[in-house]
Amino acid sequence: MEFIPADEVKRVLTFSSLIPVMETALKKFSNDQVVQPVRSVVHVKDSDGFLGVMPALSSTDGTLATKLVTFFPNNKGIPTHHAIIAMFNTSTGVPELIMDGKVITTMRTAAVSAVATKYLARSDSKILAILGAGVQARSHFAALTSLFNFDEVRVWSRTFTKAQELANEISGKACETASEAVKDADVIVTVTASPVPVLNKEWVKNGAHINAVGACRPDWHEIHPDLMNSSTVYVDSRAAAIKESGDVILSNAEIYAEIGEVMLGTKEGEKTKTTVFKSLGLAIEDALSAKLVRELLSK
Ligand SMILES: NC(=O)C1=CN([C@@H]2O[C@H](COP(=O)(O)OP(=O)(O)OC[C@H]3O[C@@H](n4cnc5c(N)ncnc54)[C@H](O)[C@@H]3O)[C@@H](O)[C@H]2O)C=CC1
Ligand SMILES: O=C([O-])C1=[NH+]CCC1
């Protein structure tokens, strides 16, 4: 069977091609055009990692796929996330190919945040703050700056030298504290593997937009409950958020809408308060990204 390695995926996939596909994926998901259970997760206690199984069917796209993703936050010297995506024939169920899923996970997550930011942030957003300095921090910088012209980009990480490294790469400013990084920021991205909040209510300017991307476990949260409860909360999937998101579960915050509902126009984009987009990652994002990669490779 054909295997498409990471460097091939990386060679063809761009944010300009991926961002519109992610918008379509989110709309289809919130319009019941996708068959997708909440992912199954196997916790690997000894190393505090997990394996997630993420199947999705989009009949209108002729796409049946599943991603297998691992997140081992204690990995040192190798990435914390690894993944493969398998695609199947929708008429026969015959497996057609296996593709690396790490590049897709990295890029589609940031592409989804970029779409959410397009709908929820103020169009004149000037200051971007990134909390975390790993794979998703870099990817989010690339995706968000492909849509917005920020005057200033700030980075905070729990290890200052890591923040400095990333800030040097992107001509941004490294900050010693998260509160300094987010002061007056219009768009904030939280991309840490922290199990406890890294972002507090009193640091955030009213009306800012937050992409809350880490904390994909029910007992982990990145956003302080007071901030969750004083913001308008959007999610990628309601069903997933009430099962997987510690930010939602531990704060008991009300979910206003799925971001796909805002895109479809079935819910208004409510922007008067601070907005939080809680991202967990959807199988349909991976399935349609894999379909896109396949199409780009066949050109
Ligand atoms: N919503 C989604 O679709 C996806 C979410 N994620 C999540 O995004 C987060 C970042 O992922 P990557 O950048 O790939 O991981 P990474 O391992 O490359 O980077 C993690 C970052 O978190 C920081 N960190 C770790 N523990 C911390 C703590 N206790 N306090 C503060 N900072 C801490 C590290 O210093 C590093 O900057 C993870 O939580 C991951 O599970 C990742 C992929 C998809
Ligand atoms: O959707 C995804 O692939 C992931 N979400 C959190 C960790 C990996």
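For ligands, and for the atoms within them, numbers begin at 1 and follow the listed sequence. This one's a predicted model, so the numbers in the text were calculated from it and none came from an experiment.
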Can you name the atoms of ligand 2, numbered from 1 with element, that are less than 4.0 Å from a heavy atom of [X]?
| X | answer |
| --- | --- |
| L280 | 1 (O), 4 (C), 5 (N), 6 (C) |
| R39 | 1 (O), 2 (C), 4 (C), 5 (N) |
| T105 | 3 (O) |
| C216 | 6 (C), 7 (C) |
| G281 | 1 (O) |

Which atom names give the shortest non-hydrogen contact between [X] and [Y], and what distance separates them?
| X | Y | value |
| --- | --- | --- |
| A241 | V235 | CB-CG1, 3.7 Å |
| S251 | M228 | OG-CB, 3.7 Å |
| M54 | G281 | CE-O, 3.7 Å |

Please work out which of [options] has its closest non-hydrogen atom nearest to [atom].
| atom | options | value |
| --- | --- | --- |
| atom 26 (N) of ligand 1 | R158, Q136, E244, K278 | R158 |
| atom 1 (N) of ligand 1 | S279, P79, P195, A212 | S279 |
| atom 20 (C) of ligand 1 | A193, A240, A215 | A193 |
| atom 1 (O) of ligand 2 | H82, E285, K67, R108 | R108 |
| atom 37 (O) of ligand 1 | P197, A133, A163, S245 | A133 |

Is any side-chain heavy atom of [X] closer than 4.5 Å to a side-chain heavy atom of [Y]?
| X | Y | result |
| --- | --- | --- |
| D48 | H43 | yes |
| V135 | H81 | no |
| L297 | R11 | yes |
| R39 | L280 | yes |

Evaluate [X] for polar contact with ligand 1, using N/O atom pairs at a separation under 3.5 Å.
| X | answer |
| --- | --- |
| E285 | no |
| W220 | no |
| C216 | no |
| G132 | no |

Which residue owns the protein heavy atom closest to [atom], what's the atom, and how far is it?
| atom | answer |
| --- | --- |
| atom 5 (C) of ligand 1 | V213 O, 3.1 Å |
| atom 19 (O) of ligand 1 | G134 CA, 3.5 Å |
| atom 18 (O) of ligand 1 | V135 N, 3.0 Å |
| atom 10 (C) of ligand 1 | V191 O, 3.5 Å |
| atom 9 (C) of ligand 1 | T192 O, 3.4 Å |
| atom 30 (N) of ligand 1 | S194 CB, 3.3 Å |
| atom 8 (C) of ligand 2 | H81 CD2, 3.8 Å |

Q: Could you tell me whether a side-chain N or O of D247 sits under 3.5 Å from a main-chain N or O of I223, the two making a donor and an acceptor?
A: yes
Q) Would the number of heavy atoms belonging to other residues, nucleotides or ligands and lying under 6.0 Å from CG of D32 be above 12? A) no
**Q.** Exceeds 12 heavy-atom contacts within 6.0 angstrom, atom CD of E202
**A.**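 Yes, enclosed.
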Taking non-hydrogen atoms only, is [X] closer than 4.0 angstrom to ligand 1 via side chain, backbone, both or neither?
| X | result |
| --- | --- |
| T80 | side chain |
| R108 | side chain |
| T109 | side chain |

**Q.** Any side-chain donor near an acceptor of the partner, N200 and S179, under 3.5 Å
**A.**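 No, because no side-chain N or O of N200 sits under 3.5 Å from a partner of the opposite role on S179.
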**Q.** Side-chain donor-acceptor pair present, H209, T275, cut-off under 3.5 Å
**A.** yes
Q.
Could you go through K126 and D184, starting from their C-alpha distance and side-chain angles, then the distance that decides it, and tell me whether this counts as salt bridge (Lys or Arg N to Asp or Glu O under 4.0 Å)?
A. CA-CA 10 Å; K126 290 293 170 219; D184 294 326; over 6 Å; no
Q: For E285 and K67, run salt bridge (Lys or Arg N to Asp or Glu O under 4.0 Å): C-alpha distance rounded to whole Å, both residues' side-chain angles, the deciding distance at 0.1 Å, then the answer.
A: CA-CA 10 Å; E285 297 163 4; K67 182 168 84 171; over 6 Å; no
(Q) Below 4.0 Å, non-hydrogen atoms only: which portion of K102 touches ligand 2? Side chain, backbone, both or neither. (A) neither
Q | Identified side-chain contact (heavy atoms from CB on, under 4.5 Å) partner of T274 from the options N206, I188, V233 | A | N206
**Q.** side-chain contact (heavy atoms from CB on, under 4.5 Å) partner of D286, chosen from T66, V69, T109, I85
**A.**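 Among T66, V69, T109, I85, the one meeting side-chain contact (heavy atoms from CB on, under 4.5 Å) with D286 is I85.
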**Q.** Non-hydrogen atom of L280 closer than 4.0 Å to ligand 1
**A.** yes
Q.
In this structure, does ligand 1 have an atom that sits under 4.0 Å from one of the heavy atoms of H81?
A. yes
